[in-house]
Each structure stands twice: as C-alpha cells, then as structure tokens.
Amino acid sequence: MGHRVSDVSETTTPGAGTRPRLLLIDGHSLAYRAFYALPVENFSTATGQVTNAVYGFTSMLINVLRDEAPDHVAVAFDVSRQTFRTETYAEYKGNRSKSPEEFGPQVSLIKEVLAALRVPVLEKPGFEADDIIATLATQAGEAGYEVLICSGDRDTFQLVRDNVTVLYPTRGVSELSRMTPAAVEAKYGLPPERYPDLAALVGETSDNLPGIPGVGPKTAAKWVGLYGDLDGIVAGADQIKGKAGQALRDNLPQVLINRQVNQLVRDVELPLAPADLKLPGWDREEVHQVFDGLEFRVLRERLFATLASPEPEAEEGFDLAAEKLTGAAVASWLTANTGAAVGVTVLGSWKAGHGDATGIAVAAPEPAPGKPGPAAYVDLVEADAEALAAVTAWLADASRPKVLHDAKGPLTALSDRGLAVEGIIGDTALAAYLCLPDQRSYDLADLTVRHLGRQLKAEEAPVNQQLTLDMDDTAGPDEADLAMVRARAVIDLWGALQSDLAARNASGLLTDVELPLLGVLRVMEQHGIAIDQDALGALDSYFAAAVADAAKQAFEAIGKEINLGSPKQLQVVLFDELDMPKTKRTKTGYTTDAEALADLFAKTEHPFLAHLLRHRDATKLRQTVEGLLKAVGDDGRVHTTYLQTIAATGRLSSTEPNLQNIPVRTEEGRRIRETFVVGPNFECLLTADYSQIEMRIMAHLSQDEGLIEAFRSGEDLHRFVGSRVFSVEPADVNAEMRSKIKAMSYGLAYGLSAFGLSRQLNIPVDEAKTLMEDYFDRFGGVRDYLRGVVDEARRTGYTETILGRRRYLPDLVSDNRQRREMAERMALNAPIQGSAADIVKVAMLEVDRKLREQGLRSRMLLQVHDELVLEVSAGEREQVEELVRAGMAGAASLNVPLDVSVGVGRSWHEAAH
DNA sequence: AAACGAACGTA
DNA sequence: CGTACGTTCGTTTT
C-alpha cells in the first residue's frame, strides 16, 4: 500500500480486490452515440415510439454491468444548455443543431429504464454531466474506489488515473476501449492530466471550440513535452518558430478560452456521495413492465441471463457411487436404479456407419441433494453371459427411459455388437442444438459447464472429490470411471435442458422429429450406397488424363510451368506478366475464380485462360472421384455420416464423404453419378425430390395470392411469374425472361439486393431494380412477408419455421451495418430453408415408417436436402414409389400442393428425372 | 502441425 | 452487396 501524489488529487491505493468499484456513466453522450449508431427505422414500438437510443444505451449498460461488475453506479445527464461554459464562451457547442425530434423523448425513457434498474440519476443545473462525473470520480478516487467512467466525451480523459479508467465507445456502442493512463499516453503522447492542454490547442469540433490551424495532436503533444504544460507553452510562445508558432500566437486567446471551457469541475455540490451509489438490486416486476413497454424482449432476456443469475463458478465435479459390474449384479443394479430416466454413455469407436462398443456406463441422478448418484459400468468385451443378457434386455426395453449425448454414433457401435436400443427419450446434443442452433459444437464438457456450472474433465475438477470409487481403485479414474461421470453429466444436463427446450417451444421437435430421425439416419449410414468401382476407377483415369492435358497446354500457352493450383502464382502470371486487367479484390490479392477467369477470357481471348479453366474443372472432378474411391468400404459401398447438429437452419449435413455435393450440373459431373449404383440383390435405385419446395414454402408463408395461384395452376412456375411481371402471355415468356425470373425468385429467399441481381444477370442496376419493383408490384404478398419476417425477428430475437424451429439472430440489432445486414439476410432465408428441412425430415420419418409397416425390404439410403434416394428390392418398385410419393407429399399441409417427382434406374444418374 | 483463405461442388 | 453446407489445396503462422 503506498501513496502517490498527483497535481490534482491525492489518491491512496488500497489492497486490490477489496475496494469498491464505481461506474459513472455520461447518459447523454452515450444515448447520443446509440442514436446515431442504430438505424431509427429498425427500432420502434407498436405505438410508434422510437427506441433506438434507449436500446443502444440499455444494451451498453447491460454489457458494462456484466463485464465490469461494479457495485456502485450512477448516470449523469446534462440538464440544460446553459452552463458556466456558455457564459465564458457564448459559442460553446453553438454548432450543435437541435437534436432530432426522435431523440429527446428517448432520454426520459432511458431514465425509466434506469429507475427500474434502481440506478441513481444525477443532474445539476448549470453543469454538464461530465462535471458531475468529475466530482464523483474525484471523491471516489480519494475514498479508495476503483472508478470506471463510461463516456463518449474525450474531455473525461483528463480524469484518468491509476484507479480511474475511462471506457470510451469506439465503434457504435458495442465496443469500449479502456483508456488507462498508459492508453492515453500511448494514443496522445502525454499523461492524462495534460490532455486538456492538448485539446485546447487542437480544438474540439463537436464543442465548437476552434483549434490552432495547422496544429494537430502531434504538434500539440510535442509542445506539451517541450514546455511542460499549457502555461509553459504560453510563456514560451514567442520562441516557437515557423508557421505553427505564428498560428499559436495568433490564436492564443481562443486557446485559453478552450482550456477554461474544457476543464471539468471537480467540486459540484451533489446530493449524493459515492457511498450512496451502491446498487440496491432492481425490481423484477418493474423491469418487466418497462421492458415490455419498450418491446425489448431480447434485451430483457440478456439482462436476466447475465445479471439476475450470475453463473456459478464452475468447480464442483459429480459425486457418484460408481460400480463396475459383472454377473448377476448387472441385472439387479439395472432393475433397482433405472426406473426413471438415466444417462448412458458408450465406450468404443464408430465411423462411417459401423463401429464397436467395448463398454457401457449408466448413471442416475442424485437421489437426494448431497447424496451420491448411482452409476454402473459394464465391460461388453469381457462380459459374462449373464451380464450380457441383462444389458441386452435392458437396452431393448422401451420402458426403461434412456438419455444419451449425440446418440447416433454410440447406437451404431452397439448395433454392430448386436445390441439394439429402445426407449431413448432424450439426446442432450440434439436438445442443445434445438435451443441454440448456431453453435458450432455441442461438446458435452462445454454444455456441462454452461448449463450445470460443473467441470466434467477430471483434470479440471478439484482434486478433493471427483468420484466415490471402489476401494481397490487406487490408480485414479480410468476410462470406465470417466464414462460413468459422463453418463451422470448427461442425465443432469437433460434435466437442465428440458425446461430450456420447453421455454423455446422445442420439446415437440426433439421428440417427434429429431430423436426418431436419429435412428433413421443411423440405419441409412449403415446401409451406405453401392459404387461401381471399376467405372469410378476408369473415370479417375479419364479425369487424370484431362488434367494432364490441360496442364500441358496451359504451360505451352505461357511458355513455362507453374503450379496451376496456386492463386499466388496465377496472379503473377495473369496480372504482372500477361498484364491482364485486375479482377475483384480478395483479402490477399485479386480473385482468380472461374467467373473472373471467364471474364478475362472474354476480354483477352488468351488461350492460357481456357486451358486453366479446363484444368480447374478436371481437377475438381478428379478430386471428387478420388475422394469417393478412398471412401469405398470393403462392402463396395460408401457410408457417409450425417451430422444433425451443424446447420443452423435445421438442415442435415453430410461428411466423410460428403454425398450432398456430388456433381450434377455438367455432363462430365453426371458421369460420377453413374457410378452410384443399385447394390446386389436389389432391383433399382429410386430418387424422389420435391420440386421447388422453397418457393412453395414462400407461397405458403407469404399467403401471396399470385404465387399460390401459380402453384395451383400447374403452369411452369417461372413462366407463370414471368408472364405476370412482364405483362405477357405465359406462352410469350422467352428463355431470357424466364431465367431472369428464376434467378430473382430464388434470390429473394436469400435476401438478394438489386445490386446482386444486376451482377448475377449481367444487367444494369437500374434494370434489376425495375425488375424487382415489377415483381413486388405483382406479388405484393411476398414483399410484405419478407419485410415482416425481419421485423418480427428483430422484435423476438429469432425466426421460426413451420414446425417452430428457431434461429436466434442477435445481430439484427447490431450497430455494425455489415453484421446487421448479414443477419437480415439470414432472417429472410432461415424460415424458408428451415421449413424445407422440417418437411424433408418429416417425410423421411414417414417413408421409414411406411417401409417397415408394409414389411418391405427396400430402404432409404441418401438425403440431399430436397431429395431422397432409395434402394428398391425386387418386386417392390410400384409400392415403394407410391409410399414415397405419399410420404413426401403428405409431410406438411401447405396452402399449395407439395409436388414430388420420382425416377428409377440402375444408377443415381439414371434414376434422375 | 495447425489455422486460414480461396476456390468450388451441392441444395 | 444471396442462404446453407464440406473438401481440397496452397499459404501463412506457430
């Protein structure tokens, strides 16, 4: 503990960690920042009240309360424009135009928010908010507080000390930079207490304080460094040479006024002292009322989530009574402990539709607070017949409720050991995904910390307790012990996630869609799809030759050999050596993508470009072929893995290998599809896909009469729409018109702009704009829907599909335009893409159910978003086609028909239609 | 060895 | 300045 004397105040530095933290906020300056950072049109209540400044201010307040955890808080406001400063200098802030009419009323709303949060508000006639802040900061500094000042006014920098930090908003109101003494020194080259000297010399536009012409922060800081402070500069003004010196002498009176005006008052008489600013905690009911009135649903949730229930420190592990069981003990333990839902984890491995399970752990919740929860582990490799029989029967018993984490893999492993599982009532990974589908992973350990506040990993949990282990277990936790801990984490997590699911209206989606689908996907992965390896091998040679040929010719065209796959080397050749016109910029240079190369070819007709494009094309196809060849299993089939918790919209994804991006658009690409064939003992492949499902969903959601009629009429969609937009007969819609309409229709579902449309269609922006306007004139329902979907999402914080699947888009209220507009496009697309995903999932469940119900041997193999691929057993073709059509068409009842087209053939290519 | 960006395949 | 994915390659960073 030591003393430090400054020229302004004496401050003591008490022991860290014990001193109170005081947060002082300049209400006006932050509200103003928020007002200009957030677009007015996105923030208004049902009554028309604009709330962008209130929103931005409150959002910032919540963040800073969360991040800085102050125990004392005050917000200061300017009370009027008349202060001692306007008496000193009549023009002070004279340049400020009257604030927009939308701003004023928001200040009182901010005060309402603050009242609900029980944050003291201070104002004093004749002084500015900064003077109040300066006074409190001084008092609090002397009293040993840690002081944080949140203000958008740089004058507050003069208050910065070791224990006084200014949080200065840099971009909008979402980012605050910490101005410490070192930060001020680094930015301005002088200590904080000298900042007003610099400001006086440089001037402050926003306060209408003119500076010395030609003198910026660099020169000003230099002078302060040379002469110590402003007084020193004034005294030595005659010695300063050059233009700047003359300018200083000419403007000296103004500089002195500036300095007088920017000095903050540190002894304003206030009714409250720092000690009176302790946060008493807020009134929940009042917060609800105020936030309801402002329609701040997302902010309210954030407030309650981050402040009302601070996350408990993640430290406790799990206390469980763990047993490794064999023989008769297995059955009796299972009978005794698994009446209610239990967590299950499986040890083993799984990949590409196959696997092996070596052990299984089961854990029940704590029977009572503080009592260890029972947990058991059975080694499946070493298991005696009695133990194995007990496990087998228990797993197959649908009346024994089980919860797993990411169950598909474990079920695959168990299945290959001959163990079937029934009674899965929950999956914690799927549940977490439905709650927050934008996460990139749903790691059990992460979820455990987030939802239970406990550490899962042994090494991160405290040593004193992790497990109540068997007496002979002195070597520390082994694999089996950890499996039991994980099983326990799963069941505890399930308990926590269920209420979260219910609150998000997602319980039904889990139970009725995702959980049953998991089993269907597992079987699809297990089946895989047969590959004609000879044909695929031949294709590989063919593409390899094409690659070599294209490379050879490309090298000849430029007279040397380079790595054609290196964008860096390509840029050198194209833009330096061949001097071609520059293409669109990327982060690292200029793009060499196919579109740009084609453009360049059109301009230069340089043969290198043609060969390069061919090389790209052939290389890509060859990679796809080689990837597939490597992925073919011993059974002559490829088994993809479907990921059910990746796509934020609700789609599946496919990996290792990805069978959802097998080429189809080009002739050569389709040759790859010819090598996906019907397997031995089956009759053919059958593909069934939804035609234009996303546009149909658009018609349904928008209720647009024109679009609905288009689908009900049976007319070609784009032709129908084109005839309306271009005011011609359907028969007179030519190919060009049709393709424009097609591009726009699909673009709409992605949030396409007129600019984007013009670029895609290679037409002027004006024409694209007109096209869009004409489109919306005829299909106004679509326009209203798209607009409404974003507004609604902004209010609620999420979008919803027809099954109520949500996607949360907090960036819809970001003050960063790029992020906000990105979120808006996501909001446009998510309900459409997501509803399509819902429908396909339901269809898959239906098809699977019907296949089993009708005792058919045919089976589903692949899902490619709007398409299903089945393998049809001999004699079942008609029946399968019928049930697939019915299952898919009936998966949802929209106000337009769901059209399904079906094809059959010996290969995936032939089965296309 | 890992992380990143560019490019490109699908719906 | 159009959404959602996965894979590959080259390049940069550790």
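Quick note on labels: first sequence line is chain A, next is B, and so on, each numbered from 1. Computed over heavy atoms, backbone and side chain alike; hydrogens, waters and symmetry mates excluded. Please read all numbers here as calculations on a predicted model, not as lab measurements.
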| query | Does a donor on one side chain sit under 3.5 Å from an acceptor on the other, for A/Arg670 and A/Ser907? | reply | no
| task | Would you mind checking if A/Arg805 and A/Glu514 are paired as a salt bridge, meaning a charged N to carboxylate O distance below 4.0 Å? | result | yes
| Non-neighbouring partners of A/Tyr808 that pass ring-ring contact (aromatic ring centres under 6.0 Å, His included), sequence neighbours left out | A/Tyr798
| request: Check whether any side-chain N or O of A/Ser814 sits under 3.5 Å from a backbone N or O of A/Pro810 as a donor-acceptor pair, and report yes or no. | output: no
| said: Quick test of your reading of the model: are A/Asp791 and A/Arg794 salt-bridged, counting only N-O distances below 4.0 Å? | reply: yes
| query | Going by the salt bridge (charged side-chain N to carboxylate O under 4.0 Å, His left out) test, which pairs reach into residues 743-766 of chain A, not counting sequence neighbours? | reply | none
| note | A correct 5'-to-3' footprint of nucleotides 2-10 of chain B, with B, S and - meaning base, sugar-phosphate only and no protein heavy atom under 4.0 Å, is ---SSSBBB
| How would you list, by chain and number, every residue that makes a ring-ring contact (aromatic ring centres under 6.0 Å, His included) with A/His354, sequence neighbours excluded? | A/His639
| First and last nucleotide of DNA chain C, 5' to 3', lying under 4.0 Å from heavy atoms of chain A | C/dC1 to C/dT12
| Within residues 772-791 of chain A, residues whose heavy atoms come under 4.0 Å of DNA chain C | none
| In terms of the nearest nucleotide of DNA chain C, which residue is placed more toward the 5' end: A/Asn563 or A/Leu752? | A/Leu752
| Any luck finding a side-chain donor-acceptor pair between A/Trp350 and A/Glu525 under 3.5 Å? | no
| Which part of the nucleic acid, if any, lies within contact of A/Ile646, taking any heavy atom under 4.0 Å across all strands shown: a base, the sugar-phosphate backbone alone, or nothing? | sugar-phosphate
| field | salt bridge (charged side-chain N to carboxylate O under 4.0 Å, His left out) involving A/Arg504 - partner list, sequence neighbours excluded | value | A/Asp500
| task | Give me the residues of residues 821-840 of chain A where at least one heavy atom lies under 4.0 Å from an atom of DNA chain B, by number, or none. | result | none
| task | Describe the nucleic acid contact of A/Arg807 in one word from base, sugar-phosphate, nothing, applying a heavy-atom distance below 4.0 Å. | result | sugar-phosphate
| said: Please enumerate all residues that pass ring-ring contact (aromatic ring centres under 6.0 Å, His included) together with A/Phe608, with sequence neighbours excluded. | reply: none
| message | I'd like the P distance from C/dC1 over to B/dG5, given in whole Å. | response | 15 Å
| said: Expected output is a numbered-order residue list: members of residues 903-913 of chain A with a heavy atom under 4.0 Å from any atom of DNA chain C. What is it? | reply: none
| For A/Asp815, which residues count as a salt bridge (charged side-chain N to carboxylate O under 4.0 Å, His left out) partner, sequence neighbours excluded? | none
| query | What do the steps show when you test A/Asp689 against A/Ser901 for side chain to side chain donor-acceptor pair (under 3.5 Å), and what is the final call? | reply | CA-CA 6 Å; A/Asp689 61 53; A/Ser901 47; 3.1 Å; yes
| Taking only residues two or more places apart in sequence, or in another chain, which ones meet A/Arg906 in a side chain to side chain contact (heavy atoms under 4.5 Å, CB included)? | A/Asp532, A/Val677, A/Val678, A/Glu910
| query | With a 4.0 Å cut-off on heavy atoms, is A/Ala648 in touch with a base, just the backbone sugar-phosphate, or nothing at all? | reply | sugar-phosphate
| task | Run the salt-bridge test on A/Glu41 and A/Arg787 with the 4.0 Å N-O cut-off and return the result as yes or no. | result | no
| Ring centre gap for A/Tyr775 and A/Phe779 strictly below 6.0 Å | yes
